[in-house]
Amino acid sequence: MRRPPVHLLVLLLLIVGLLAACGSAPAAPVAAPTEAPVVEEPTEATEESTEAEEPTEATEEPTEATEEPAEATDEEPTEAPAVSEDDEYVFGMVLVGPINDGGWNQAHFEGGEYVEANLPGTRFIYIDKVNPADRPNVTVEQAVEELVGQGARFIITNSAEFADGTNTAAAAHPDIYFLHASGDGVLTGEAPENVTNLMGRMEYGKMIAGCAAALQSENGRLAYLGPLIDPETRRLVNATFLGAQYCWETYRERPVEELEFKVTWIGFWFNIPGVTLDPTRVATDFISEGYDVIISGIDTTEGLVEANKAAQAGQNVWAVPYDYIDACAQGEEICLGVPYFNWGPRYIEIIDEARAGNFMARWEWLGPDWSDINNLETSMIGFIKGAGLTEENGAIIDEFIAKLAEGDLQLFSGPLFFQDGSEFVAEGAVATDEEIWNTPQLLQGIEGQSAP
Amino acid sequence: MNKIGSLLSPPPWTPRLWQIMLLPSPFILALLGALGITTLVMLIAGVSPLAVYQILFFGAFSTPVRFGDMVMLATPLILCASGLTLTFAAGLYNLGVEGQVVLGAIAAMIPLRLFPELPTPLLWTLSLSCAACGGACWALLAASLRLGARVSEIFAGLGLNFLASGLALYLILGPWRRSGAAAASGTALLPRDIWLPTLEGLRLAPLAPIIALLGLGLVWWVLSRTRWGLEVRAVGINPNAADRLGVAATWRIAQAMAGCGALAGIAGGLQIIAVFHQLIPNISSGVGLLGLLVVLLVLARPVWVLPVSIIFASFTVGSVQLPLALGVDSSIAGVLQGALVLSALLARGVRRERAQRI
Amino acid sequence: MRGNQVPSHTFYCMQIAIHNLTKCFGSLRANDGLSLSFAGGQIHGVLGENGAGKSTMMKLISGYLRPDGGEIRLDDQVVHLRSPGDALRAGVGMVHQEPLDVPAFSVLENLLCAAPRQALPSRAAARTKLLDLARQLHFSLEPDAPVNQLTVGQRQQLELVRLLLCGARTLILDEPTTGITAAQARALFAALRQLANSGSTVLFVSHKLNEVAELCDTVSVLRSGQAVGRQLNMPQPQEQLLQLMFGAAWNAEVRPPQGREQANGHAVGTQPVPTWQLEAVRAREGNLTLANVNLELPAGRVIGLAGLDGSGQQILLRLLAGRMRPEAGRIRVHGQDLSGASASAYRQAGIEYLPADRMLDGVIGALSLTEHFALLQGKGQLVDWRAAEREAREAIAAYGIKATPVSRINSLSGGNQQRAMLALVPQACRGIACEQPTRGLDVASARAIWQRLLARRDAGCTIVFASPDLDELMNYSDQIMVFFAGACSPLMARNELSSTRLAELIGGVGFTPVMSDQ
């Protein structure tokens, strides 16, 4: 009988393994309950409804062979208790990360909540953490299926990774409208007719972020905590670099050669233990190598958190988080500001159109409302200055934003060269939108992998 | 006290009611225990257990789409569990099954990338054969560490798992990355015409479960009908005695490992050509570990692998609905699966203890 | 129970009585209304064949099992023992057949972790007490030796010391002489007698009559869970005890050993090719070296290997079976040079090995006899279950195994397992190397096993066996080889030896090894 200990050992290892496989969500510092009920009805109501489902199912057994109608009628009673389901427009969201990540996903989630609050008659449901680490057996299509099952008629998918899944799901549900955020399926023609694309011109936010970093840095060594490498992330890094370079030369009046700009890519939008580089580790490495501003390009806030720790230990380090308007909250003093997305207003318009039957498939790349980039009712993106920025630097940032708003400062203007020395923008020319959107390489002067 | 005891207890040769209830069906006991634990968890979390169970047990059968998803999850699970049945029969705890799935997936990618122009049936056969070889080689690595260097296959397997996912990650971020990008999310999608064909409107590729059932049937036949299977079982129970009786124990251990690796590799290959259509870091999706749970639960009896795999797969697929329908985290499926195995082991332990006293 | 109270200072003797004790396992009544009482300060033998309920009774008294009915009185107090710890606190300690200790720990550490805190306040105190007690009892226990390097006998001594230090006044020993050498048994008996003289009560469980006769003051006999002989004062005539142990079966079945006469007749005919030929073989295991062995083992003989545990006889057996490769020299099996060949080559050449521990490496516990025969079929990819079952049935009939072809081997009794193991030896085999062929078997089972072995010998097979039991060696061997500290004597014809002479040789008195230059 030497087996039992082995049994126990194996079981222990299994449990550990499964826990690891289930992937604890990236330590989300915001203490919002992860399992916050999506549907705000009391659970009893749903329970009743699911129980009520059974008899219907029983009576409909003979018709079950025809799948689509049966499915539709099956699902109907689920919504029955909802007061008047006719004028309730349910829209769903598939999020790649947790809704409380203090970044990309939280910005989307709050955008959804904004729609629910400001567009009467809508209801918001979502599935978050749809990624192979957190939900190993759930694909985008499956998540869409569940949302549709819950009555969703408009679905937002929020990751570039979801492009293929969104297109497949949209093809399978031609009666439902899809918004794929950050994708370009409409532009490339890969997406079916019921898919629209939306992305903000975060290049401006990143330029401001780069500028703030260059203004505040003591030694001119800036580090960029990059997610994975694709055209989107490359153009954002380039924009940050251009903003930093401009402010370094113009306001600090220092030579370009003294500005160091390094990118380290972790491999995904957020930390997946064992798969990506650990962003916490990357951030601490940045600090120990002497970089004094960490600009984040990932969904989560490790860069800010680590810089804050180092600052509390007496080092002069700052950070620029990303994506979410309140991201600075986790390290106020050293936060130089945050470029953020404000999805809500445009979501309202698109969803309202779809509800009214005026859905239009577009590839949209919206800039800020230059009259006030922080107007939450009109501006797609914005930049909130952080407490870490000195007053005079804050004034310079305002000046820089004003220049961008007037349109006479075009940072993507030539001559610009790629890392391999090839020309990106010729002398005197300005890069077109498509050139910027499809950026194939990082710019000369940036240290880091381009993956052309 | 004794008096009352003797009054209450019938003569010892008539089995008592609780014996009748417990002895023949540790599975029922396990199920009750697991439901008890899970119910407790849910009550603590403040959700209605009944509603959750309804979704967990029947959710996967509610629509054809969900049913299809369940089948596609059960497929690799059945393959892994069949393979693990072999290694359990040989007395091995092949915790390296995850890595074998990953290696199978990687190996399956090779012909798909090299010869996408081949006629698809040939390409699929080639791809799955490569997958089987890849998984078998990875398993043989663990076996040789055990046989040659006396490293327990548990630890060798765990180490090789890390190595395998590292290799997959390297390929995804390095040589096999999408053009113009480098993301840990996966390689580019395979061309649609070399995907395993699915049923209209579903993600169910009928060929995959058929392959899985063939694999399971093969394992059952081998273990119950062939000399080789009998020898493997003998080695699993008592390698010294089997050796004394003339069984080549070392060979049987290596062969059982290779067999398991081949089946796990095919599971990985199917994940590529029938499920994900790309190589992703978590290509195994934990089916190997889930397969281990299945095999622990059924005690390596191949006949039970099919139903239990289906049940486990339907828990997992059903649980996807939980956050939406009830606001419950879908990890409750994992709790139920784990609790099921735990209480099955407990029930078995209790039974063994009683059997030993007799 | 104060820490400094060693058992030699025990003040009064503990008296044990059991009344109407009953314990059932399923439909089996292992103990069935058992009533016995044991006076203090004496050594009480408990006899019975395998499965008579001895071990169950002892486990009940020492708290390892709880009775279904009846009561246990210690010094006229009814006690309810819930655990071995309970029993030990009440003063009853049991030494198991297999010592329960932590192999990786040293002797001292084992004592420290097993004894109650107040008994051994410190390492130093524990060391002194251990050494004191060991000296008193003439035990050779080295405090810092790791337990896994001790012999079974020494581990038993350790267990005894532990119980005494924990304050046990009654010691229960379950088959203590199984697996230990004769010398260790003598030391154990001396210690037990000394303990009894100083007031301890000893319950000695055995199925070996001679041991009970040698050691015990009284004897009780169990059969089928009931007491058939109560506190008979020793000595008792052996025949009567056997009657009690085996009941009617004794007269009907068990007759004194036969084998001898046939053996003599057979030994005359010599076969041209010896089964084994060893030339200048050297082999080493641990720190024991067997050097320069030159041997010829003729066909159709039973050769007994005598010697203290670990004197080299196990090495020879394993050499003969190919389970160990010689460092030098040649081994021929039936004329074929197999030096350095694998165990399977030896099997091919018709050599079978029967290990002492059946369940550990003899048979595959969870498989049935049919499955065992299926394993032996050796040809074809598919199992011929019908043939296997037929063979199993034949074996069951031929070897008198109490089992069905499909019952698992581990559900059989020890004697039936041994018969099954023997039945699995192919008919065509030339040589059988067996270690303690009747270990743990009662008289009747042992005799049945020997009947089969002798039948094999008569069919021309050479049987080489090692046994610590002098009677077994004298009764069944045609020739005997004695091992002493890694040296071996020449083959001696059994009828030139007497038991006393053999015992002397084993102890090294007048032992003359084969000269190494021969």
Side-chain angles (χ1 to χ4, degrees), chain A residues 1 4 6-7 9-11 13-15 17-18 21-22 34-39 43-44 46-47 50-51 67 71 74 78 125-128 131-133 135-139 141-143 145-147 149-150 161 164 172 227-231 265-268 272 274-276 440 449 451-452, chain B residues 45 47-48 50-51 54-55 62-66 69 73 93 95 98 154 158 162 165 169 173 177-178 180-186 189 201 203 275-276 280-287 289-290 292-293 296 316-317 320-321 323-331 334 338 341-342 345 349 356:
Chain A
M1 288 300 114
V6 180
H7 254 107
L9 180 71
V10 168
L11 201 73
L13 288 171
L14 259 181
I15 289 167
L18 277 182
C22 293
T34 351
E35 47 184 73
V38 193
V39 190
T43 31
E44 270 92 336
T46 2
E47 189 193 327
T50 32
E51 273 164 23
E67 46 176 276
E71 188 187 325
D74 261 359
T78 323
I125 58 178
Y126 70 92
I127 297 183
D128 68 344
N131 63 75
R135 297 181 193 269
N137 297 301
V138 179
T139 57
E141 294 100 304
Q142 240 171 309
E145 212 69 52
E146 295 305 329
L147 291 171
Q150 293 293 319
E161 315 298 313
D164 303 309
L228 45 81
I229 313 177
D230 69 1
W265 307 100
I266 65 163
F268 199 63
I272 302 175
V275 173
T276 62
Q449 199 192 347
Chain B
V47 291
S48 154
L50 273 181
Q54 199 196 353
I55 288 185
S62 53
T63 68
V65 176
R66 287 181 188 139
D69 289 344
L73 177 59
Y93 287 86
L95 255 67
E98 282 281 310
I154 297 176
L158 282 177
F162 280 104
S165 54
L169 208 59
L173 287 170
R177 63 190 160 85
R178 302 169 191 237
S185 48
L189 280 190
R203 287 183 291 277
V275 180
F276 292 108
I280 61 172
N282 194 12
I283 187 76
S284 80
S285 317
V287 285
L289 292 173
L290 209 55
L292 266 171
L293 284 187
L296 275 178
T316 306
V317 169
V320 179
Q321 302 165 48
L324 271 179
L326 302 172
V328 181
D329 201 276
S330 51
S331 53
V341 175
L342 205 60
L345 287 181
Q356 258 172 14

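So you know, we letter chains A, B, ... as the sequences are listed, proteins then strands, and number each from 1.
Take A/Glu146 and apply the side chain to side chain donor-acceptor pair (under 3.5 Å) test, not counting sequence neighbours, and it matches B/Arg66. Take A/Asp164 and apply the side chain to side chain donor-acceptor pair (under 3.5 Å) test, not counting sequence neighbours, and it matches no residue.
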For this session: Apply the test side-chain contact (heavy atoms from CB on, under 4.5 Å) to residues B/Leu169 and A/Thr276: give CA-CA distance (whole Å), side-chain angles for both, the deciding distance (0.1 Å), then the verdict.
Result: CA-CA 9 Å; B/Leu169 208 59; A/Thr276 62; over 6 Å; no
For this session: Under the salt bridge (Lys or Arg N to Asp or Glu O under 4.0 Å) rule, what do A/Arg135 and A/Asp128 come out as? Steps first, then yes or no, please.
Result: CA-CA 10 Å; A/Arg135 297 181 193 269; A/Asp128 68 344; 3.6 Å; yes
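Ranked by heavy-atom pairs under 4.5 Å with chain B, the list A/Val138, A/Thr139, A/Ile229 is led by A/Ile229. The choice from B/Ile280, B/Leu189, B/Ile283 that makes the most heavy-atom pairs within less than 4.5 Å of chain A is B/Leu189.
Only the side chain of B/Phe276 comes within contact range of chain A, with at least one heavy atom under 4.5 Å from a heavy atom of that chain. Residue A/Ile272: no heavy atom, backbone or side chain, is found under 4.5 Å from chain B. Looking at B/Ser185, both its backbone and its side chain come within 4.5 Å of chain A, counting heavy atoms on both sides. Looking at A/Val275, both its backbone and its side chain come within 4.5 Å of chain B, counting heavy atoms on both sides.
Interatomic distance, CD1 of A/Ile125 versus CG of A/Leu147, reported as 5.0 Å (0.5 Å rounding).
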